[in-house]
Novice: 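Let me give you the structure first, and then I'll get to my questions.
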Amino acid sequence: MNPKLKQQSSADSTLRTSPAWSSRYSVGDMIVEAEGYGAPRFGIILSIHRDKTLSVRYADGVDYAFASHCQLYSEWLRDQKS
């Protein structure tokens with residue numbers, strides 16, 4: 001087997017593997033961005049990027065959010081109730 005082809009195939013499989021943090025979120029999930037702004041921002045995930053950012057549709061338009069600043073709406077709601 002040609003070593004050059006072997007390297008390409010391993011690179012392709014690496015690119016297709018999603019990072020562990022992204023398995024927490026899916027396109028279409030409702031999230032709350034609780035850090036970075038005074039009041040929490042509610043939105044829906046449009047896309048997930050490799051640099052740990054999310055493209056989110058907020059009430060005032062589309063913006064980016066860091067995954068580490070966000071929480072699933074269901075989790076946020078449960079925290080608010082307790």
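In what follows, residues are counted from 1 in the order of the sequence shown.
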Novice: Does some side-chain heavy atom of Gln71 sit less than 4.5 Å from a side-chain heavy atom of Arg24?
Specialist: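 SC-SC contact between Arg24 and Gln71 confirmed.
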Novice: In the structure I gave you, are the side-chain heavy atoms of Lys52 and Ser68 within less than 4.5 Å of one another anywhere?
Specialist: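 Not touching, per the 4.5 Å side-chain cut-off.
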Novice: In this structure, are over 12 heavy atoms from other groups packed under 6.0 Å from Phe66 atom CZ?
Specialist: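 No, not enclosed.
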Novice: If I compare all heavy atoms of Cys70 with all of Ile31, which pair ends up nearest, and what's the gap?
Specialist: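 Minimum heavy-atom contact is SG-CD1, 3.5 Å.
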Novice: Which is it for Glu33 and Phe42 under the side chain to side chain contact (heavy atoms under 4.5 Å, CB included) test, yes or no, and what are the steps along the way?
Specialist: CA-CA 6 Å; Glu33 183 183 18; Phe42 300 89; over 6 Å; no
Novice: Are Leu46 and Val27 side-chain neighbours, meaning at least one heavy-atom pair lies under 4.5 Å?
Specialist: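 Result no, sub-4.5 Å side-chain heavy-atom pair not found.
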Novice: Restricting to non-hydrogen atoms, name the atom on Trp76 and the atom on Pro40 that form the minimum distance, rounded to 0.1 Å.
Specialist: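 Closest pair (atom of Trp76, atom of Pro40, distance): CZ2-CG, 4.4 Å.
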Novice: When rounded to the nearest 0.5 angstrom, what is the spacing between CG in Asp29 and OG in Ser74?
Specialist: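 The distance works out to 8.0 Å.
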Novice: Side chains of Arg41 and Asp60: closer than 4.5 Å at any heavy-atom pair?
Specialist: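 Side chain of Arg41 against side chain of Asp60, heavy atoms only: contact under 4.5 Å found.
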Novice: Quick one: pull up CG in Leu54 and CG in Asp63 and give me the separation to the nearest 0.5 Å.
Specialist: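 The distance works out to 11.0 Å.
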Novice: Over all heavy atoms of both residues, which pair between Ala65 and Val56 is shortest? Give the atoms and the distance, please.
Specialist: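 Heavy atoms of Ala65 and Val56 come nearest at CB-CG2, 4.2 Å.
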Novice: Quick one: does any side-chain atom of Tyr25 pair with a main-chain N or O of Ala67 as donor and acceptor, under 3.5 Å?
Specialist: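 Judged by distance alone, yes, a pair lies under 3.5 Å.
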Novice: Using side chain to side chain contact (heavy atoms under 4.5 Å, CB included), reason through Ile45 and Met30 one step at a time and then give a plain yes or no.
Specialist: CA-CA 7 Å; Ile45 297 175; Met30 186 160 187; over 6 Å; no
Novice: On a heavy-atom basis, which atom in Val62 and which in Arg57 lie closest, and how many Å separate them?
Specialist: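 Looks like CG2-CZ, 3.5 Å.
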Novice: Return the OG1 to CD1 distance between Thr53 and Ile48, rounded to the nearest 0.5 Å.
Specialist: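 So the OG1 of Thr53 and the CD1 of Ile48 are separated by 10.0 Å.
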